[in-house]
Amino acid sequence: MLAAHEVDTGRRAMSMGMGHSGWNLMRSLRGDESIKTHRLTAGIVRRIAGFARPYRGALAVFLLLIIIDAIVGAANPLIYRSIIDSGILGHNVNLVIVLAAVVAGLAIFDALLGLAQRWISSRVGEGLIFDMRTKVFGHINEMPISFFTRTQTGALISRLNNDVLGAQQAFTDTFSSVVGNVIGVTITLVAMFFLSWQITLLSLVLLPVFIFPARWVGHRLAGITRESYNLNAQMNTTMSERFNVSGALLVKLFGHPAEEVRAFASKARRVRDIGVTQAMYARVFMTSLLLTASLATALVYGLGGVLAARGELMVGTVVALTAFLTRLYGPLTALSNVQVDVMTALVSFDRVFEVIDLPPMIAEKPAAVPISRGAATIEFDHVDFRYPAAAEVSLASLESVAVLERTNNQQVLFDVSFTARPGQLVALVGPSGAGKTTLSHLVPRLYDVRAGAVRINGIDVRDATLESIRAIVGVVTQDAHLFHETIRSNLMYAKPDATDEELFEALRNAQILPLVKSLPDRLDTLVGDRGYRLSGGEKQRIAIARLLLKAPDVVVLDEATAHLDSESEAAVQEALKRALSGRTSLVIAHRLSTVREADMILVIDGGRIVEQGTHAALLAADGLYAELYRTQFEGQATVEVPATTPA
């Protein structure tokens, strides 16, 4: 973060031919030295080359342009020398005019070279960003739900933004800088030694005058820059948590506004102080650069002037040596820090590859078969399940922890077996944490079983194509998620080619069409962040409409009517009963009034099916289901009295 008044210094330095390289050099020297100790993945250079292969032609042209640009830049001081020595001092007017025209021509040519370099580097850089982002995004989409339950969203976004951009800079900034500096310094030193080896050696003696202060500044900048990044990340986290609807509501209800502001201001104040410190370090850096250039210029003019006065050196040679100095110190110092630049680029690639290399637990087999559409049978065959350990699904760097936990996850389902036949409504009931939702997650293959099998129409879901599973199974969760888009977009997520008539029919069956038609924008109404412009019941009914539009063969309802009032619940239950006729349904419900008409009720406790049967049969058995039912409806006149059997 550079203060605005530093621009003037930058302009003065640029007038000496080193402004742009000066700012780039400062960015290089402020790099984190600790990155040198980072252990890179084996074969990373080969993989980077693989990513760059489609652009190898453009990179070859880019390299050629860098070489030509370095040669053109080195030619100018030599032309100045000839203008002075052979033209002006030799009183050769024609030569002066010709060489001046050559300088003008080279300036135009160099400008065109710069445009060409920029165009090629942009094409290559943006192409790499596109390739890597789409690859990482596609790979993340293939990860199981357990990956997202552990991973920080901000860390994933950082991989798609910061690390991808850092990797891209390896081919634009770092590649061009290293190659350009090596070629430029080589040509410059050869030319300077050719003109005067004595002055060249003395000029190099001054290099430490700049390098040591620059490295000190760079080291200090690296430390406070890291702190600034961390503080900004913390502020971003605070803002993202407080500025969404749920977070804002929590702050309004339970928060302490004064303390919230005080904590945020503390971080913002430190970022402000760091900004001031960075501005001063930038001033020290640029002052050191200008001072070194000035001392070197004084040395060349002083010693060169004495030698010229003695006739041992031509005046044009002195001017040429001075011009070469502006192309020497910045590139030499940057090359002294090239290891950090290269490692920074490689680490960015390494972090991107780290995500790409994480294999998705839920993968489609090469010989996977599609499940045919139509009446569906769901079979759980002696299913055991435990949630995957952190090391199986995640990365420590994405969880903001140093080492992933090594504890073994406890088993949550034990020897679960049942069959839901076509058209049956199977209800899952039981205490919280019994394993009902976990069991329902196995049908759409959000997780894989540890033992046994889950089959749809006789096909193990692990042997089926993921596309066919998604087509057959429809799910409405307890907290139905809506994207911050229109009602139309949220519905068409289930059926992209749906007509307005189909959308309205789904809304009608979900008992929410009158509300949608009453809105000014109707289907084109934005639902807000996570659907918060709608009430809980309205949002749930939109989700049910989305399910109905998909028209799956298997339906999983995880507390799908939990947010509905009694009137809406009755209407939606009737709509679901009509719309899901002939479809196999798996319904999780804490409100037992919603499952009394189920064909089969499974009572889950401790990850096991402890009871199963119809509502009446389970009440008569006077077991856990009857106990849950009595507890839920105690004191209500409508409670059914279970028939008891003698002990």
Side-chain angles (χ1 to χ4, degrees), residues 24 27-28 31-32 35-36 38-63 65-66 117-145 147-148 150-180 225-226 229 232-233 236 240 338-364 393-400 466:
N24 284 338
R27 184 182 63 186
S28 171
D32 188 357
I35 205 167
K36 294 178 182 179
H38 183 89
R39 300 188 66 177
L40 295 170
T41 306
I44 187 172
V45 175
R46 184 177 64 256
R47 295 189 66 181
I48 293 173
F51 253 105
R53 188 171 294 111
Y55 306 96
R56 58 184 180 275
L59 287 171
V61 174
F62 186 49
L63 176 61
L65 293 180
I66 291 175
Q117 286 184 61
R118 183 58 182 166
W119 185 82
I120 293 175
S121 67
S122 296
R123 292 286 298 177
V124 172
E126 295 303 322
L128 283 167
I129 289 175
F130 171 78
D131 293 345
M132 284 188 287
R133 274 185 177 159
T134 52
K135 189 173 182 65
V136 173
F137 184 86
H139 186 74
I140 289 174
N141 271 333
E142 294 177 358
M143 301 306 291
I145 198 68
F147 171 81
F148 297 98
R150 302 195 61 91
T151 300
Q152 289 184 319
T153 303
L156 283 177
I157 294 174
S158 177
R159 296 295 168 99
L160 278 167
N161 290 330
N162 300 341
D163 291 317
V164 167
L165 289 175
Q168 172 258 340
Q169 288 176 351
F171 286 98
T172 53
D173 294 350
T174 304
F175 177 74
S176 61
S177 174
V178 172
V179 174
T225 299
R226 280 198 305 274
Y229 286 163
N232 276 305
N236 287 338
S240 64
V338 68
Q339 184 181 358
V340 173
D341 293 340
V342 172
M343 279 297 296
T344 300
L346 292 179
V347 167
S348 293
F349 267 109
D350 202 30
R351 285 166 59 83
V352 172
F353 291 149
E354 187 181 32
V355 176
I356 295 175
D357 291 342
L358 184 64
M361 285 194 66
I362 308 299
E364 186 176 289
V393 295
S394 187
L395 297 168
S397 58
L398 292 176
E399 295 192 26
S400 191
L466 295 175

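Predicted model only: the values in this text are computed from it and were never measured.
- Contact annotation: the side chain of D131 approaches that of Y55 to within less than 4.5 Å [non-hydrogen atoms, C-beta and beyond].
- Here the NE2 atom belonging to H139 is positioned 13.5 Å from the OG1 atom belonging to T134, to the nearest 0.5 angstrom.
- Of the inter-residue distances, the one linking F130 atom CZ with K135 atom NZ reads 12.5 Å to the nearest 0.5 angstrom.
- Tested against V124 for a side-chain contact (heavy atoms from CB on, under 4.5 Å), the candidates V61, I129, L59 yield a single pass: L59.
- Listed here is the closest heavy atom pair of E364 and L466: OE1-N, 2.8 Å.
- Separating the CZ atom in R133 from the CD atom in E126 is a distance of 8.0 Å, to the nearest 0.5 Å.
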